[in-house]
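Following: one structure in structure tokens, then a few remarks.
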Amino acid sequence: MRYNKINDLPHFIQGVVVHGFGRGGKQLGCPTANLDEMAVNQLPEKFPCGVYYGLAQVGCGGLHRMVMSVGWNPHFHNQKKTVEIHILHKFSSDFYNSHIRAVALGFIREMQSFKSLEELMEAIREDISLAEKKLSLIDMKEYEDLDFFRMKG
């Protein structure tokens, strides 16, 4: 069975924020919340690696727009598959060990390696821009009312 990027969305995922490689905020100017290994292991076997847009909730807070990367980050030659969420909201502090719930609503692009760090950073800016455009068209209230985002923990 082949996983279809379009028909198998939305996809719901949740996990605990753990320390990653420290590249997102420091090296790329795009801080990410790295989900724990249990969240990564719960992805469907044929879930495509790539960049997605959707919504995320930290703890019991409100919903925020997000961009999510799923895969091995080929530019950095990672050995482990990761799920990294960049929330399009400025938080006053980090939230390691917090529980995140997210829903991937759309697919942006496949994972790829880049010729330079600058090229990767430009792709990330384009991903964020596209996500903001797509997410501006959705009614967040529709998702806020889902039981998935009302659970405690």
Side-chain angles (χ1 to χ4, degrees), residues 2-18 20-35 39-40 42-44 46-76 78 81-96 98-151:
R2 189 165 188 283
Y3 199 88
N4 185 310
K5 296 172 196 148
I6 305 300
N7 296 333
D8 292 318
L9 294 176
H11 180 77
F12 294 85
I13 188 168
Q14 60 182 315
V16 175
V17 179
V18 297
F21 299 103
R23 294 187 289 243
K26 295 178 184 85
Q27 195 173 4
L28 301 173
C30 180
T32 60
N34 295 268
L35 297 189
V40 176
Q42 290 177 6
L43 286 168
K46 297 196 184 276
F47 193 84
C49 293
V51 180
Y52 296 81
Y53 64 86
L55 303 171
Q57 175 189 50
V58 178
C60 295
L63 278 186
H64 300 286
R65 295 175 175 132
M66 65 89 175
V67 178
M68 179 174 75
S69 166
V70 176
W72 285 271
N73 298 314
H75 184 79
F76 294 105
N78 285 7
K81 189 175 193 177
T82 61
V83 173
E84 300 178 43
I85 296 175
H86 172 66
I87 299 177
L88 305 176
H89 173 80
K90 185 87 167 164
F91 288 89
S92 58
S93 61
D94 66 42
F95 42 85
Y96 291 108
S98 295
H99 194 90
I100 286 190
R101 288 182 178 80
V103 57
L105 298 173
F107 185 81
I108 297 176
R109 64 175 171 84
E110 293 180 356
M111 296 296 268
Q112 63 189 85
S113 186
F114 295 91
K115 294 176 185 166
S116 68
L117 194 59
E118 292 75 26
E119 193 176 294
L120 169 59
M121 291 170 70
E122 178 59 30
I124 290 170
R125 286 189 291 272
E126 289 173 9
D127 296 340
I128 291 170
S129 178
L130 179 63
E132 287 175 332
K133 286 176 190 164
K134 295 282 190 180
L135 291 167
S136 71
L137 302 174
I138 67 147
D139 179 8
M140 287 178 63
K141 182 73 175 141
E142 175 184 334
Y143 293 93
E144 289 170 349
D145 291 339
L146 294 177
D147 288 341
F148 179 76
F149 290 114
R150 293 178 172 264
M151 291 187 260

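Side chains are part of it too, since the values below use all heavy atoms of this structure and drop only hydrogens, waters and symmetry mates.
In this structure Asp147 satisfies the side chain to side chain donor-acceptor pair (under 3.5 Å) test with no other residue, sequence neighbours excluded. Residues that satisfy the side chain to side chain contact (heavy atoms under 4.5 Å, CB included) test with Val40, not counting sequence neighbours, are Lys81, Val83. Partners of Glu126 according to the side chain to side chain contact (heavy atoms under 4.5 Å, CB included) rule, which considers only residues two or more places apart in sequence or in another chain, are Glu122. Residues forming a side chain to side chain contact (heavy atoms under 4.5 Å, CB included) with Lys90 (at least two apart in sequence, or on another chain): none. For Phe91, the ring-ring contact (aromatic ring centres under 6.0 Å, His included) test picks out His64, His89, Phe95, with sequence neighbours left out.
A distance of 9.0 Å separates CE in Met66 from CD1 in Ile100, rounded to the nearest 0.5 Å. Residue Tyr53 holds its OH atom at 13.0 Å from CG of Leu88, rounded to the nearest 0.5 Å. Note that CG of Leu117 is 8.0 Å distant from CD1 of Ile124, once rounded to the nearest 0.5 Å.
When every heavy atom of Ala39 is checked against every heavy atom of Gly15, the shortest pair comes out as CB-CA, 3.9 Å. When every heavy atom of Ala104 is checked against every heavy atom of Leu9, the shortest pair comes out as O-CD2, 3.7 Å. The two residues Arg109 and Phe114 have their closest heavy-atom pair at NH1-CZ, 3.9 Å. When all heavy atoms are compared, the tightest approach of Trp72 to Met111 is N-CE, 4.4 Å.
Contact check for His86 versus Asp127: no side-chain heavy atoms found under the 4.5 Å cut-off.
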For residues 134-143, tabulate all N or O donor-acceptor pairs below 3.5 Å that involve a side-chain atom, not counting sequence neighbours.
unit_1	atom_1	unit_2	atom_2	d
Ser136	OG	Lys133	O	2.7
Asp139	OD1	Lys141	N	3.1
Lys141	NZ	Asp145	OD1	3.1

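Looking only at distances, a side-chain donor or acceptor of Thr82 sits under 3.5 Å from a matching main-chain atom of Gly71. Using a distance-only test at 3.5 Å, with no hydrogens or angles considered, a donor-acceptor pair links the side chain of Gln57 to the main chain of Phe149.
Each of Met68, Glu144, Arg65 was scored for a side-chain contact (heavy atoms from CB on, under 4.5 Å) with Leu55, with one residue passing: Arg65.
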